[in-house]
Amino acid sequence: MPAPVDHRSLYRLPWNLADNPIAWLEPTQACNLSCDGCYRKNVKEHKSLDEVQADLDVFARLRNFDGVSIAGGDPLTHSELPAIVRKVAAMGRKPIINTNGLALTRELLVELKRAGLMGLTFHVDSRQGRPGWRDKTEVQMNELRSIYADMVASVGGLACAFNSTVYDETLHEVPDLVAWAGRNLGKVHTMVFILFRAAALKQFDYFVGGKKVDVDALVYGQPQTRRLDLNAREVVDVIRERYPDFAPCAYLNGTKEPDSFKWLLSMRVASKNQTYGWVGPKFMEAAQAAYHLFTGRYVSYAAPSSLTMGRSVLAGAWPFDQGVRKAATSWARTALSHPLEAMREMHMQSILIIQPIDTLEDGSDNMCDGCPDMTVHDGKLVWSCRLEEPRAFGSFATAVPKRPEATATRTRLSVMDGNPTS
Ligand code: SF4
């Protein structure tokens, strides 16, 4: 049984408010789906190109960033998306589209690639009410994931990631998604599991400026019967039931709890048939430091070509990284017993677990320290997962426990992260 993950043994990603690999741009609030875990009110409104440029200018003024997550709403509903992609690319930054994929065609994908698109993150899970995909399990949704992964691969040169919201009733399927990602190595570069969150209405009242506000009027304020406190360690435990060697290497902690894993990153070195191992903290530290040294920025979205260098990673990083050393040993064993198998192309693939906002028993918010998904509101950077609050109330709401006994149990409020189409 592997030891529980201890944050002190992992690499704390050096991302912060001012120097962060990601900027979160929302050119639209409109979406063509209505997913259970979505945190954005679906309004059929798009930003003009001038408004998008104004948001990009705010990012450029306030944040050193490497890639722009173009989200929403679903950005594919915005008729000027290619022009938006071109704007980001013209800044020398990596445009990544976060989409549910519903409106994607191969022709549009080719056009977006020509405009400078670096990659896509598809939000696909079983609670999106997709026409033709209702009542499917997460495993059955792999068929749809494969359709998108194949489409992206057929265009070539684009990064391909998948987000999936994890609910208490789908937690047990996470290892199947990790296995599916492994079988699609080379096509799928990142798999992201976002733990479901919503406001904890039973435990808290919410206030802005001393005045009670109706959080239940917000999209993430709907009454829930689901668990709101799923945590990243539980996901690790479930994955380890299938992959005992599964080993995260890096994290972002919470703003209140240093030992909470808000972003927990793992990266496997594998061929299509075999996972040789998981890189360790030193590898991730070296990768971030080297990228920053040469570009002046931290990295989150790696170019697909760099992820095919699994064997070079084994050769170059084994002296200083224990995880890589283990993977190299495993590969060497395979090379002795099955030389042809060992000659297969080797890839790197990331598995990321995101544990969005937790509201602690006293009502304080445990946010992601170094939040990568900050978006623009009124010329300032704000948490995209809680944007509905400043929009509705002018400021973020403060949670206050309803009754003294509510503080006896640890309780969490939450809102979604990732693609708002989730
Ligand atoms: S937007 Fe919210 S959930 Fe997403 S990274 Fe930032 S703080 Fe975490």
Side-chain angles (χ1 to χ4, degrees), residues 7 12-26 29 35 37-41 55 58-59 62-63 65-73 96 98 121 123 161 163-167 190 192-200 215 218-221 228-232 235 250-265 298-301 350 352-360 364-377 380-391 395-399 412-422:
H7 70 291
R12 202 295 192 178
L13 292 162
W15 310 345
N16 57 61
L17 189 58
D19 197 355
N20 204 299
I22 301 173
W24 185 271
L25 179 73
E26 296 196 8
Q29 265 187 262
C35 309
C38 188
Y39 64 79
R40 187 67 66 247
K41 188 175 174 188
D55 284 358
V58 173
F59 284 126
L62 297 178
R63 179 170 261 200
F65 60 99
D66 187 58
V68 176
S69 294
I70 305 172
I96 308 287
N98 286 38
T121 300
H123 196 119
N163 279 350
S164 184
T165 305
V166 179
Y167 303 89
T190 305
V192 186
F193 299 105
I194 304 164
L195 308 186
F196 173 70
R197 294 295 193 252
V215 164
L218 304 182
V219 65
Y220 42 80
L228 303 177
D229 62 350
L230 284 172
N231 70 71
V235 182
Y251 71 104
L252 288 179
N253 55 283
T255 49
K256 292 280 179 185
E257 294 188 329
D259 58 346
S260 57
F261 291 123
K262 308 300 285 186
W263 281 45
L264 186 60
L265 179 64
Y298 292 118
V299 64
S300 174
Y301 300 113
S350 301
L352 174 64
I353 303 166
I354 298 179
Q355 177 183 321
I357 170 178
D358 298 310
T359 295
L360 307 183
S364 59
D365 301 320
N366 190 34
M367 305 297 290
C368 308
D369 195 12
C371 165
D373 295 343
M374 284 279 185
T375 195
V376 175
H377 176 70
K380 298 193 183 97
L381 298 185
V382 298
W383 302 301
S384 59
C385 64
R386 297 182 60 183
L387 179 59
E388 295 300 323
E389 290 160 58
R391 277 186 177 158
S395 184
F396 291 109
T398 302
R412 295 166 189 278
L413 147 80
S414 45
V415 279
M416 272 296 304
D417 178 340
N419 187 343
T421 60
S422 59

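All values below come from the heavy atoms of this structure, side chains included, with hydrogens, waters and symmetry mates left out. All ligand and atom numbering here is 1-based and tracks the order in the structure. Quantities reported herein were computed from a predicted structural model and do not represent experimental measurements.
Those atoms of ligand 1 that come under 4.0 Å of a heavy atom in Met367, given as number and element, are 7 (S). Within ligand 1, counting atoms from 1 as listed, the ones closer than 4.0 Å to a heavy atom of Pro372 are 5 (S). Numbered from 1 in the order shown, with element, the atoms of ligand 1 that lie under 4.0 Å from a heavy atom of Ser384 read 1 (S). The atoms of ligand 1 that sit less than 4.0 Å from any heavy atom of Cys385 are 1 (S), 2 (Fe), 3 (S). Per-residue contacts place Pro356 under 4.0 angstrom from the following atoms of ligand 1 (heavy atoms of the residue considered): 3 (S). Under a 4.0 Å criterion applied to the non-hydrogen atoms of Trp383, ligand 1 contributes the atoms 7 (S). Taking every heavy atom of Asp373 and a limit of under 4.0 angstrom, the matching atoms of ligand 1 come to 1 (S), 4 (Fe).
Using modelled atom types, one finds no donor on one side chain facing an acceptor on the other under 3.5 Å when comparing Tyr251 with Gln355. If you check the side chains of Thr165 and His123, you find a donor sitting under 3.5 Å from an acceptor.
Residue Cys368: an N/O/S atom is found under 2.8 Å from atom 8 (Fe) of ligand 1. With a cut-off of 2.8 Å, atom 6 (Fe) of ligand 1 has an N, O or S atom of Cys371 in range.
Phe396 and Trp383 have tilted rings, their planes meeting at an angle from 30° to 60° on a 0 to 90° scale.
For Trp24, the closest heavy-atom approach to ligand 1 does not fall below 4.0 Å. Residue contacts with ligand 1 leave out Lys262, since none of its heavy atoms falls under 4.0 Å from the ligand.
Between Tyr167 and Phe196, the ring centre distance stays below 6.0 Å. Side-chain rings of Phe59 and Trp24 stay apart, their centers remaining 6.0 Å or farther from each other.
With salt bridges taken as basic N to acidic carboxylate O contacts below 4.0 Å, one links Lys262 and Asp358.
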Go through the steps for Ser69 and Tyr301 under the test side-chain hydrogen bond (donor to acceptor under 3.5 Å, both in side chains), then give the verdict.
CA-CA 10 Å; Ser69 294; Tyr301 300 113; 2.6 Å; yes
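Residues Met367 and Arg386 form a side-chain contact, since some pair of their non-hydrogen atoms from C-beta on lies under 4.5 Å apart.
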